[in-house]
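Labels below follow one simple rule: chain letters A, B, ... track the order of the sequence lines, proteins then strands, and each chain is numbered from 1. Basis for what follows: all heavy atoms, side chains included, without hydrogens, waters or symmetry-related copies.
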Amino acid sequence: MMEEKYAPHAIEKKWQQYWEEHDTFKREIDTAKPKSYVLEMFPYPSGNLHMGHVRNYSIGDVVARFRTMRGFNVLHPMGFDSFGMPAENAAIEHGIPPKKWTLENIENMTRQLKQLGLSYDWNREAITCKPDYYKWTEWFFELFYKRGLAVKKNSSVNWCDHCNTVLANEQVEDGKCWRCKHEVHKKQLSQWFFKITDYADELLKDLEKIPGWPERVKVMQENWIGRSEGLEFSFDVPALNEKLPVYTTRPDTIQGVTFVVVPPEHPIVEKMLQGNPREAELREFCDKVRNTSDIERTSSTSEKLGMYTGFDCVHPLTGHKVQIWITNYVLFDYGTGAVMGVPTHDSRDWQFATKYNIPKILVIQPKDKELKLEDMTDAYEEDGIMVNSGKFDGMTNIEAMSAVSDEIERIGAGKRRVNYRLRDWLISRQRYWGAPIPIIYCPNCGEVLVPEEDLPVLLPEDVKFDAGAKSPLATSESFLHCKCPKCGADATRETDTMDTFLCSSWYFLRYTDPKNDKAPFAKEANAYWGPVDQYIGGIEHAILHLLYSRFFLKVLRDAGMVDYDEPFTNLLTQGMVIKDGAKMSKSLGNVVSPEEILEKYGADTARLFILFAAPPERELDWSDSGVEGSFRFINRVWRIIWHYKDVVAQKVTSYDAAGLDEADKELRRALNASIKKVTEDVEQRFNFNTAISSLMELVNAMYAYKDGKQEYNAGLVYETVKDLLLLLAPFVPHVTEELWHGVIDENTSVHDQSWPAYDEAALKVDNVEIVLQINGKVRGRLVVPSEASREELEKVALADERIKSLIGDGTVRKIIAVPGRLVNIVVK
RNA sequence: GCCGCUGUGGCGGAAUUGGCAGACGCACUUGACUCAAAAUCAAGCGCCUUUGCGGGCGUGCCGGUUCGACUCCGGCCAGCGGCACCA
């Protein structure tokens, strides 16, 4: 039944069809089995899979298939993150409707995914741009709205001129749009936000609850959230009868304050400008600062500029007058948007004060030397002892931090406060291809939610895509106009859509109950499957998707929909696929398309190479001859099994372990060592590369056995062939299925079998080669019984002729014997 | 500037608890098979030195701990990635 030669294409097509017909990967809740939820980040349907996808999904597939064979009920779904700009650009540039473009791409990519032989339960597919999915995205918006977590507010937001839309903070990289790489600038607009900052503290704290995440991802999230503890207090501005609040993490330096700085955006600026004798000059300066690009303005290397406003405020502790300056180096949207200036203990303030000749007061002295103001060239930012600080003098600055905070709180000038770098998540987009925001604006009732029974608000198709800076949805008359659900008056719809990252913040929950039309998912279904046990994807989502999803889940938990705190228990971030030292890209011309590899070698070779070439977290260097090597290995497996097929056909399924000869024992040892290695590498470490190399060693042992034997032990050969196929099955699912049917059992699937167990006793060898060292240098080798004791080892080592002559008349000071490994003789 | 990761043969990588550095594969060399080539099978393959046996050196660099260090400690260097005027 099996062919003599390995023909990947026919085999792969055949078994893909077989799995589909037999629903091999369909999964239902089964409380009798432990569950495991294995998930790979779903793709954006750009049209074609790239090698990064192949790597991501090959890793996930091995884990899913392995865990299935280990007895888990494995949930392994796939879908498409299918809203977003590229579909809309296709419409603008080529006149293709976004829906058509997207669905065709999904079709093509689904075909490619199926060609890879991935063990997905396609019955659970989730496609975010389909109404049966985005209905629930809209529903979640309403849930957040009702919980006070979705709010429309006017603020300074990131705007991309190229994409004609606003962007979330997380979507601005290096001052540029994450998607089109054009420069982003700030705009004052009224937009919808999700209040992720309400969860800032928990998002930070709960990183402790996910030890299964890579440290670096957690560090990135920690930095992004940017928690800091400090003091917020106010300076009185008598001339305006106002208070000017500032935030500091260094309350200990408060007596060193010699100025206060505000950015042009600060509301107090306008009050100081009106009627100011230098109004024109100051306004010109403010405009100049406002017009510098954000990247330039927020770069720490930019020159610090400022102008004195002519206004002073009063220091809350000393009562001294302090000048108020307008500058370019304060961020309006962090803290209170105003900062106290301490030139002696903050490097930025030092630069500023030096440039404008503002006085400096030293308030901290280092413990080991004495600083003199006139000798200093920069601020002293380290710890020390308080000076020039009245009653705080003599304290360490650490003590002064709390003493000053206490004092400020006592006199009622301010309070301790925690601040975050994290900003609220801007979720509205002035784009067409996204889930509509289910809000209606009524002249009488204001903002009104679309009633739940009217969801989904469907995307209209009669729109103009090149509407410029307003949402294309505003160009559809049929969409725009509606009746107020509360009072029936003529009303209009919100024309912005939601950020696609919102759609992808809950898709892993939908997979647990994908066909539900009463709710986004049933609590019971999710209680069985959730949370995701193993999540696999690219590091580029370290902040964006992985932070939003964590936030989403916490809100759903508070709403009683789920009973756990974190969506992804374990996370594996796979490295990039590179070639010739660089990321594969069209412009470099080093792209290898999965389709050409599949055509030339088939899916099994592509999968095997990608898993063998590097450990999953590291970069993978694509090598054409390496692929060739993987193909060769599969052929080698094929030939050795072809060679043994008649022995296997005898179906001798047992043998007497006590009656084995040396060659038999060696093969049996290789088999059991390989089972152990592959099991541990896949289960505990995801070291697929070393798992595969041990399988290569096993195959090499099968070749050695072939040449070293007159008569095969049929039982041992049967066991070896069978177990080899089982061990290989998660990596190369098609060829193992073919061989399984061909030589082991034509009536069952290799993928329905249990993972093989190893026999510890079979790993033992009778004799081992140990190393003889003198002063740590290898000076000889000796074969000894493997259970030889320390004393015996010492004895045989000292009896060795070569060792004896090398010791000569030196004195043996010490002998270290490690059974099974070495004897080290220390000679003087 | 701050934080993180990575440095091992010609190349990808292995060494899981401090115990033979270089598993496995790629490339290369040789042999068998062949009229020949490819494929396959078998053997060799860190560097220097030696006819050979052997000897010396070797995991980015410098030092330390140890009988013994790719592995632990201290100090550097290089490359990559993230954050970056967050007060």
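- For Arg632(A), counting side-chain heavy atoms from C-beta on, the closest listed nucleotide (rC20(B), rC85(B), rU40(B)) is rU40(B).
- rC67(B) and rG18(B) have their C1' atoms separated by 12 Å, given to the nearest Å.
- In this structure, Glu619(A) places its CD atom 14 Å from C1' of rG13(B), rounding to the nearest Å.
- Distance, Glu170(A) CD to rC83(B) C1': 13 Å, rounded to whole Å.
- Here rC85(B) is the nucleotide among rA14(B), rC85(B), rC57(B) with the atom lying nearest to any side-chain atom of Asn328(A).
- Aromatic rings of Phe285(A) and Trp325(A) (six-membered ring for Trp) have centroids beyond the 6.0 Å cut-off, not under it.
- Rounded to the nearest Å, the gap between the P atom of rG74(B) and that of rC80(B) is 26 Å.
- No side-chain donor from either of Asp723(A) and Tyr758(A) sits under 3.5 Å from a side-chain acceptor of the other.
- Using the six-membered ring where Trp is involved, Phe332(A) and His266(A) have ring planes that are perpendicular, over 60° apart on the 30 and 60° scheme.
- Contacts of Gly226(A) with the nucleic acid, taken as non-hydrogen atoms under 4.0 Å apart, are absent.
- Comparing atom distances between the Thr690(A) side chain and each of rG55(B), rA14(B), rA87(B) picks out rA14(B) as nearest.
- In this structure, of rA84(B), rG82(B), rG55(B), it is rG82(B) that holds the atom nearest to the side chain of Met220(A).
- Put simply, Asn700(A) has a side-chain N or O that comes within less than 4.0 Å of OP1 or OP2 on rG25(B).
- Among the nucleotides rC67(B), rA87(B), rC26(B), the one closest to the side chain of Ser625(A) is rC26(B).
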Secondary-structure string, 5' to 3', Watson-Crick or G-U under 3.5 Å, | for another-strand partners, for RNA chain B: (((((((..(((......[....))).(((((.......))))).((((....))))..(((((..]....))))))))))))....
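- Geometric assessment of Arg636(A) against the ring of Tyr703(A) yields a positive cation-pi assignment under the 6.0 Å and 45° thresholds.
- Side-chain proximity of Asn824(A) to the nucleotides rC85(B), rG13(B), rG68(B) is greatest for rG68(B).
- Cation-pi geometry between Lys360(A) and Trp350(A) is met: the NZ or CZ atom falls under 6.0 Å from the ring centre, inside 45° of the normal.
- When the C1' atom of rA42(B) is taken as reference, atom NZ of Lys706(A) falls 10 Å away, rounded to whole Å.
- Under 4.0 angstrom from either OP1 or OP2 of rC85(B) there lies at least one side-chain N or O belonging to Thr298(A).
- One finds no salt bridge joining Arg227(A) and Glu222(A) here, because no Lys/Arg side-chain nitrogen approaches an Asp/Glu carboxylate oxygen to under 4.0 Å.
- Aromatic ring centres of Tyr712(A) and Tyr644(A) lie closer together than 6.0 Å.
- Looking at Arg781(A) and Glu769(A), a side-chain N of the basic residue comes within less than 4.0 Å of a carboxylate O on the acidic one, giving a salt bridge.
- Protein atom CH2 of Trp213(A) is 17 Å distant from nucleotide atom C1' of rG4(B), rounded to whole Å.
- Atom pair Asp252(A):CG and rA87(B):C1' shows a separation of 12 Å (rounding to whole Å applied).
- A salt bridge does not link Lys176(A) with Glu173(A): none of the charged nitrogens is closer than 4.0 Å to a carboxylate oxygen.
- In this structure, of rC85(B), rC24(B), rC67(B), it is rC24(B) that holds the atom nearest to the side chain of Met696(A).
- Only the C1' atoms considered, rC41(B) is 13 Å distant from rU34(B), to the nearest whole Å.
- Contact annotation for Ser630(A): no contact, since no heavy-atom pair falls under 4.0 Å across all strands.
- Heavy atoms of Ser623(A) sit nowhere under 4.0 angstrom from any nucleic acid atom.
- By the 30° and 60° cut-offs, the orientation of the rings of Phe259(A) relative to Phe352(A) is tilted.
- The interatomic distance linking Asp349(A) (CG) with rC85(B) (C1') rounds to 10 Å, in whole Å.
- Using a 4.0 Å heavy-atom cutoff across all strands shown, Thr301(A) reaches no nucleic acid atom at all.
- Using cut-offs of 30° and 60° on the angle between ring planes, the pair Phe235(A) and Phe233(A) is tilted.
- Tyr548(A) and Trp425(A) have parallel rings, their planes meeting at less than 30° on a 0 to 90° scale where 60° marks the start of perpendicular.
- Backbone-only contact: Val219(A) has heavy atoms under 4.0 Å from sugar-phosphate atoms and none from a base.
- Here rC83(B) presents its P atom at 10 Å from CG of Leu544(A), a figure rounded to the nearest Å.
- Residue contacts shown for Tyr703(A) are limited to sugar-phosphate atoms, with no base heavy atom under 4.0 Å away.
- Between the base of rC20(B) and the side chain of Arg781(A) there is a donor-acceptor pair shorter than 3.5 Å.
- Per the geometry, CD belonging to Gln574(A) stands 17 Å off P belonging to rG81(B), to the nearest Å.
- Base engagement by Val330(A) is indicated by at least one non-hydrogen atom pair under 4.0 Å involving a base atom.
- At a threshold of 4.0 angstrom between heavy atoms, the contacts of Glu680(A) with the nucleic acid are absent.
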Contact pattern, 5' to 3', of nucleotides 44-49 of chain B - B, S or - by protein heavy atom under 4.0 Å: ------
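- Within 4.0 Å (heavy atoms only), Asn419(A) reaches no atom of the nucleic acid at all.
- For Arg636(A), the side-chain atoms get nearest to rC41(B) when compared with the rest of rC41(B), rG12(B), rC85(B).
- Here rG13(B) is the nucleotide among rC67(B), rC85(B), rG13(B) with the atom lying nearest to any side-chain atom of Asn689(A).
- Taking only side-chain atoms of Asn223(A), from C-beta outward, the nucleotide of rC85(B), rC3(B), rC67(B) with the closest atom is rC3(B).
- Within 4.0 Å of Arg618(A), counting heavy atoms only, lie sugar-phosphate atoms of the nucleic acid but no base atom.
- Taking the P atoms as reference points, rC35(B) lies 41 Å from rU51(B), given to the whole Å.
- Heavy atoms of Lys777(A) sit under 4.0 angstrom from primed sugar atoms or phosphate atoms, though from no base atom.
- Counting non-hydrogen atoms under 4.0 angstrom, Arg421(A) reaches a base of the nucleic acid.
- For the residue pair Thr605(A)/Tyr6(A), the side-chain donor-acceptor check at 3.5 Å is not satisfied.
- When heavy atoms are screened at a 4.0 angstrom cut-off, Arg227(A) is found touching no nucleic acid atom at all.
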